[in-house]
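Structure record follows, encoded as structure tokens.
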Amino acid sequence: MNDRTSWEPLYRELDRWQAAGRTARFWLRDDDAVEPTPDLDTLLELTGESAVPLTLAVIPALTGEALAARLARDAGITVAVHGWSHTNHAGPERKKQELGAERPADVVLAELREGLRLLERLHPDRFQPILVPPWNRIDAALISALPGLGFAALSVYGRARPGGPLPLLNTHVDIIDWQGTRGGRSEAELVAELVAELSDRFAGRDEPVGLLTHHLVHDVAAWDFLSALFAVTDRHPAVHWSAASALLRR
């Protein structure tokens, strides 16, 4: 299943949590879901077999009944709002962003409202009003308006900073090498990042470790890493994979 040596740092860290009588919390977010695909089937089979709750960030403008019908066959899935159409409106010299200041705020917010309503209708039993901005970026001026649209949480990338108008449910470890191969990152690098995130929580940071995946671009390395991680964590008593809805109720 995996090379025990490469995963040894994670085993040691989890053993430390167990010895202290503590539980390490993980959650999984996968971005850019639109329609049923073989890659989505692989992800759903993998999470289903491992009993890992999955949050799918769905692009409202590009999805429809086909995805809703496919997800109806599986349990343990949460659907979140992934912007509107995942369109970059930033200039050529700026980082990609759909939810930026390039367009009038009322236009952007109207799209988000429509996206929330659409996904709530398509996925009534799986929907959670969580906004996942495309590219994990959103103009700060828009955030205060999100509760009025019906959003209950925001999910981006990196350490959550408390004090905003919405709870943050962030991701912290992205398994894709976006700047290089655009495939799965090295196992050793990802294990080291997971250990660093867990060590930070052990020292007192109260935030679940969020794993970020993108099923449409996974290569063999990405799938192998997920399979190995789920196997390691499934066997360890100090690990709990949480659904987004459960984390928001805390």
What's the shortest heavy-atom distance between Gly150 and Pro129, and which atoms?
O-CB, 3.3 Å
Verify, without hydrogens or angle tests, whether Asp177 (side chain) and Arg182 (backbone) share a donor-acceptor contact under 3.5 angstrom.
no
List the atom of Arg126, the atom of Asp74, and the distance in Å for their closest heavy-atom pair.
NH2-O, 2.6 Å
Under 3.5 Å, is there a donor-acceptor pair between the side chain of Arg137 and the main chain of Lys95?
no
Residues pairing under salt bridge (charged side-chain N to carboxylate O under 4.0 Å, His left out) where one sits in residues 35-44, two or more places apart or in two chains, turn out to be Asp41-Arg70
Check whether any side-chain heavy atom of Ile59 sits under 4.5 Å from a side-chain heavy atom of Asp32, and report yes or no.
yes
May I have the step-by-step check of side chain to side chain contact (heavy atoms under 4.5 Å, CB included) for Leu14 and Leu198, ending in yes or no?
CA-CA 8 Å; Leu14 293 175; Leu198 287 170; 4.0 Å; yes
Taking salt bridge (charged side-chain N to carboxylate O under 4.0 Å, His left out) as the test, write out the residues that go with Asp15, two or more places apart.
none
What's the spacing between Ile176 CD1 and Thr181 OG1 if we round to 0.5 Å?
7.5 Å
If the condition is side chain to side chain donor-acceptor pair (under 3.5 Å), which residues does Thr23 pass it with, not counting sequence neighbours?
none
When hydrophobic residues are tied together by side-chain contacts of less than 4.5 Å, even through go-betweens, does Leu190 share a cluster with Val195?
yes
Can you list the residues that meet the salt bridge (charged side-chain N to carboxylate O under 4.0 Å, His left out) rule with Arg117, with sequence neighbours excluded?
none
Within a strict 4.5 Å, meaning less than it, do heavy atoms of the Asn170 and Asn136 side chains meet?
no
Leu122 and Val79, any side-chain heavy atoms less than 4.5 Å apart
no
Check whether the side chains of Ser85 and Glu98 place a donor and an acceptor atom closer than 3.5 Å, and report yes or no.
yes
Check Ser227 against Leu46 and note the closest heavy-atom contact, atom names and distance.
OG-CD1, 3.5 Å
Please answer: with hydrophobic residues joined when any side-chain heavy atoms are less than 4.5 Å apart, are Phe26 and Leu212 in the same cluster?
no
Can you name the nearest heavy-atom pair linking Gly184 to Asp219, along with the distance?
N-OD1, 2.9 Å
Decide yes or no on side chain to side chain contact (heavy atoms under 4.5 Å, CB included) for Glu8 and Arg12, but give the supporting numbers first.
CA-CA 6 Å; Glu8 192 62 40; Arg12 288 198 302 269; 3.1 Å; yes
Members besides Trp135 in its Ile/Leu/Val/Met/Phe/Trp/Tyr cluster (side-chain heavy atoms under 4.5 Å)
none
Side-chain donor or acceptor of Ser50 paired with backbone N/O of Val52 under 3.5 Å
no
Starting from Leu62, can I reach Leu71 by hopping between I/L/V/M/F/W/Y residues whose side chains sit under 4.5 Å apart?
no
Distance-minimising heavy-atom pair for Val81 and Pro60
CG1-CG, 3.9 Å
Honestly curious: do Phe151 and Leu142 fall in one hydrophobic cluster under the side-chain, below-4.5 Å linking rule?
yes
Please test Tyr11 against Arg235 for side chain to side chain contact (heavy atoms under 4.5 Å, CB included), starting from the C-alpha separation and ending with a verdict.
CA-CA 10 Å; Tyr11 281 110; Arg235 290 195 297 266; 3.2 Å; yes
Report yes or no: does Arg201 contribute a side-chain atom to a donor-acceptor pair with the main-chain N or O of Glu207 at less than 3.5 Å?
yes
Separation of Leu146 CG from Ile138 CD1 (nearest 0.5 Å):
5.0 Å
From Arg205 atom CZ to Ser199 atom OG, the distance as rounded to the nearest 0.5 Å:
11.0 Å
Thr78-Gln128 side chain donor-acceptor pair, cut-off 3.5 Å:
no
What pairs meet the ring-ring contact (aromatic ring centres under 6.0 Å, His included) rule with one or both residues in residues 175-218, with sequence neighbours excluded?
Trp17-Phe202, Trp178-His214, His218-Trp223
Leu112 side, atom CG; Glu114 side, atom CD - distance, nearest 0.5 Å
11.0 Å
Not counting sequence neighbours, which residues clear side chain to side chain donor-acceptor pair (under 3.5 Å) with Arg94? List them please.
Glu102
Rounded to the nearest 0.5 Å, how far does CG of Leu56 lie from CG of Leu44?
6.5 Å
Report the residues that fulfil salt bridge (charged side-chain N to carboxylate O under 4.0 Å, His left out) with Glu120, sequence neighbours left out, ordered by chain and then residue number.
none
Any carboxylate oxygen within less than 4.0 angstrom of a Lys/Arg side-chain nitrogen, looking at Asp206 and Arg25?
yes
What verdict does the side chain to side chain contact (heavy atoms under 4.5 Å, CB included) test give for Val108 and Asp139, after you've listed the backbone C-alpha separation in whole Å, the side-chain angles of each residue and the deciding distance to 0.1 Å?
CA-CA 10 Å; Val108 178; Asp139 186 72; over 6 Å; no
Considering only heavy atoms from C-beta outward, does the side chain of Leu211 approach that of Leu226 to under 4.5 Å?
yes
Below 4.5 Å, heavy atoms only, C-beta onward: do Ile77 and Thr47 meet side chain to side chain?
no
What residues, two or more places apart in sequence or in another chain, satisfy side-chain contact (heavy atoms from CB on, under 4.5 Å) together with Thr233?
Leu229, Val239, Trp241
Fellow cluster residues of Leu216, listed by chain then number, with links counted only when side-chain atoms sit under 4.5 Å apart
none
Does the side chain of Trp7 come within less than 4.5 Å of Glu187's, by heavy atoms?
yes
Membership question, hydrophobic clusters at under 4.5 Å side-chain separation (ILVMFWY): are Leu131 and Leu116 in the same one?
yes
Which pair of heavy atoms, one from Leu119 and one from Ala80, lies closest together, and at what distance?
CD1-O, 3.5 Å
By the ring-ring contact (aromatic ring centres under 6.0 Å, His included) test, which pairs, at least two apart or in different chains, include something from residues 59-85?
His82-His86
I'd like a table of donor-acceptor pairs (distance under 3.5 Å, sequence neighbours excluded) in which one partner is a side-chain atom from residues 152-168, with atom names and distances.
unit_1: Ser155; atom_1: OG; unit_2: Arg29; atom_2: NH1; d: 2.9
unit_1: Ser155; atom_1: OG; unit_2: Leu169; atom_2: O; d: 2.5
unit_1: Tyr157; atom_1: OH; unit_2: His172; atom_2: O; d: 2.8
unit_1: Tyr157; atom_1: OH; unit_2: Asp174; atom_2: N; d: 3.3
unit_1: Arg159; atom_1: NH2; unit_2: Asp200; atom_2: OD2; d: 2.7

Could you give the distance from CG (Asp30) to OG1 (Thr213), rounded to the nearest 0.5 Å?
3.5 Å
Side-chain donor/acceptor of Asp31 to backbone N/O of Ala57, under 3.5 Å
no
